[in-house]
Number of protein chains: 2
Amino acid sequence: MTLPHPDTDQITLPNVLAALGDDTRLAIIGCLARTDPLEGLVCGQFCGLTSKTNLTYHVAKLREAGVVKVRPEGTKRRVTLRREDLDRRFPGFLDTVIATAVELPQVEATLRQLHEETA
Amino acid sequence: MTLPHPDTDQITLPNVLAALGDDTRLAIIGCLARTDPLEGLVCGQFCGLTSKTNLTYHVAKLREAGVVKVRPEGTKRRVTLRREDLDRRFPGFLDTVIATAVELPQVEATLRQLHEETA
DNA sequence: GTCCTTGTTCAAAATTCATTGGACAATTGA
DNA sequence: TCAATTGTCCAATGAATTTTGAACAAGGAC
């Protein structure tokens, strides 16, 4: 089962801005920006941010806006940033957002948690 | 009576994104981006977008987020983009937003209306 | 097969946001 | 002073968003 994603040229700025104008979702982006772009993260790794159910909701918002790609892997969902697509559509935009998003306290906390679990 | 504006370093990305993630407010930004940066526009000139009361609400949102400056001029309110402040805080961000915002249909319509009135 | 993990779905509740209308304040101009 | 212009304030409504919990599905490990 593949999830619906907008084509590159169907990504609109109002949608992207609305998707990013939320603390939880901005934190998700910040986390993704600080991990291997190809690897991404699976939903469960954001559990420090909010509940499982709520993550489903927020990740779907980001996916529908065209900000992230969600690829099923068994029972997991691998989430990656659509960097190239966003760069082509709104050159420079993602970089400036990321530059600030990576420093959000929620992002620090979530990533620290992940590191501890890995160790 | 001067209206409260956040200092440059108090402008936060979550607030700015939330402020811009709305069609009416994005249209206001688009209109401002296509007018003399020093002149700006007065609230009434956005009346094509929505009601007078509603404009007060949206312009206040933009002001509180640090996106625009609102300067009283008699009974009018002159609205200008805080270009330098936003550029210093999030380099490149405003440019990419504007590049898309200026082409919104609502912006075209509103500016056409203004031109007709002037003529 | 049976558990465990991961995430979804659904309906409900809570919260936030956007919009409206009426009354009003401030300034300008006649 | 009087009227017109411009915009604010307030309370209420409507709409959209976010959050929650319980039940469920799909896949992996055993």
Side-chain angles (χ1 to χ4, degrees), chain A residues 1-5 14-29 31-32 39-65 67-80 106 110 113-114 117-118, chain B residues 1-5 14-29 31-32 39-65 67-80 106 110 113-114 117-118:
Chain A
M1 178 236 195
T2 32
L3 296 153
H5 292 78
N15 286 349
V16 171
L17 288 171
L20 296 179
D22 172 275
D23 288 341
T24 303
R25 294 193 289 266
L26 204 50
I28 292 175
I29 300 307
C31 289
L32 288 173
E39 281 227 7
L41 290 166
V42 296
C43 288
Q45 298 183 286
F46 302 120
C47 274
L49 295 172
T50 177
S51 68
K52 215 172 39 157
T53 310
N54 200 216
L55 274 178
T56 299
Y57 169 74
H58 284 299
V59 170
K61 279 262 165 183
L62 289 170
R63 172 178 52 77
E64 286 160 10
V67 180
V68 301
K69 181 152 98 57
V70 183
R71 180 166 26 103
E73 277 186 5
T75 109
K76 302 185 179 178
R77 304 282 179 269
R78 187 156 299 273
V79 184
T80 51
Q106 293 172 308
T110 304
Q113 237 177 333
L114 285 184
E117 284 166 13
T118 311
Chain B
M1 177 237 197
T2 33
L3 296 153
H5 292 77
N15 286 349
V16 171
L17 288 171
L20 297 179
D22 173 275
D23 288 341
T24 304
R25 294 194 290 265
L26 205 49
I28 292 175
I29 299 308
C31 290
L32 288 173
E39 281 226 8
L41 290 165
V42 296
C43 288
Q45 297 183 287
F46 302 120
C47 275
L49 294 173
T50 178
S51 67
K52 214 172 40 156
T53 309
N54 201 215
L55 274 178
T56 299
Y57 169 75
H58 284 301
V59 170
K61 280 261 165 182
L62 290 170
R63 173 178 52 77
E64 288 160 9
V67 180
V68 301
K69 182 153 94 68
V70 183
R71 182 166 24 103
E73 275 184 6
T75 108
K76 302 186 181 179
R77 305 280 179 271
R78 188 156 300 273
V79 184
T80 51
Q106 293 172 305
T110 305
Q113 236 176 333
L114 284 184
E117 282 165 16
T118 312

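Below, chains carry the letters A, B, ... as their sequence lines are ordered, and counting in each starts from 1. This structure is a prediction, so every number in the text was calculated from the model and none was measured.
Under the rule for a side chain to side chain contact (heavy atoms under 4.5 Å, CB included), the partners of Ser51(A) that lie at least two apart in sequence or sit in another chain are Thr53(A), Asn54(A). Applying the side chain to side chain contact (heavy atoms under 4.5 Å, CB included) test to Thr75(A) and every residue at least two apart in sequence or in another chain returns nothing. Listed by chain and residue number, Arg71(B), Arg78(B) satisfy the side-chain hydrogen bond (donor to acceptor under 3.5 Å, both in side chains) test with Glu73(B) (two or more places apart in sequence, or in another chain). Listed by chain and number, the residues in a side chain to side chain contact (heavy atoms under 4.5 Å, CB included) with Lys76(A) are Val42(A) (sequence neighbours excluded).
Checking the phosphate oxygens (OP1, OP2) of dT8(D), a side-chain nitrogen or oxygen of Thr56(B) falls inside 4.0 Å.
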task = Take Val79(B) and Arg63(B) through the test side-chain contact (heavy atoms from CB on, under 4.5 Å) and record every step on the way to the result.
result = CA-CA 9 Å; Val79(B) 184; Arg63(B) 173 178 52 77; over 6 Å; no
query = Which is it for His5(A) and Val68(A) under the side-chain contact (heavy atoms from CB on, under 4.5 Å) test, yes or no, and what are the steps along the way?
reply = CA-CA 9 Å; His5(A) 292 78; Val68(A) 301; over 6 Å; no
Under 3.5 Å, which N/O atoms of the protein pair with N/O atoms of nucleotides 10-20 of chain C?
| residue | atom | partner | partner atom | Å |
| --- | --- | --- | --- | --- |
| dA18(C) | OP1 | Asp22(B) | OD2 | 3.2 |
| dA18(C) | OP1 | Arg25(B) | NH1 | 3.4 |
| dA18(C) | OP1 | Arg25(B) | NH2 | 3.0 |
| dA18(C) | OP2 | Arg25(B) | NH1 | 3.4 |
| dA18(C) | OP2 | Tyr57(B) | OH | 2.3 |
| dT19(C) | OP2 | Asn54(B) | OD1 | 2.9 |
| dT19(C) | OP2 | His58(B) | NE2 | 2.5 |

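Atom CG of Leu55(A) is separated from atom C1' of dT8(C) by 12 Å (rounded to the nearest Å). Atom-to-atom, CZ of Arg77(A) to C1' of dT8(C) comes out at 8 Å; the value is rounded to the nearest Å. Distance CG (Asp23(A)) to P (dT19(D)): 9 Å, rounded to an integer number of Å. The CG-P distance, from Leu62(A) to dT17(D), rounds to 14 Å in whole Å. Taking atom CZ of residue Arg71(A) and atom P of nucleotide dT6(C), one finds them 18 Å apart after rounding to whole Å. For Glu64(A) and dT18(D), the CD to P distance is 11 Å, given to the nearest whole Å. Put simply, CD on Glu73(B) is 10 Å from P on dT28(C), counting in whole angstrom units.
If you check every strand for non-hydrogen atoms under 4.0 Å, Lys52(B) touches a base.
Using a 4.5 Å heavy-atom threshold, the side chains of Ile28(A) and Leu55(A) count as touching. For the pair Cys43(B)/Thr56(B), no side-chain contact is recorded, criterion being any heavy-atom separation below 4.5 Å from C-beta on.
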Quiz: residues 14-25 of chain A side-chain donor-acceptor pairs under 3.5 angstrom, not counting sequence neighbours:
| residue | atom | partner | partner atom | Å |
| --- | --- | --- | --- | --- |
| Asn15(A) | ND2 | Thr12(A) | OG1 | 3.1 |
| Asp22(A) | OD1 | Thr24(A) | N | 2.9 |
| Asp22(A) | OD1 | Arg25(A) | N | 3.0 |
| Arg25(A) | NE | Ala19(A) | O | 2.6 |
| Arg25(A) | NH1 | His58(A) | ND1 | 3.0 |
| Arg25(A) | NH2 | Ala18(A) | O | 3.4 |

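In this structure, the helix from dG1(C)-dC30(D) to dA30(C)-dT1(D) shows an angle of 30° between the axis at its start and the axis at its end, each fitted on 5 base pairs and rounded to 10°.
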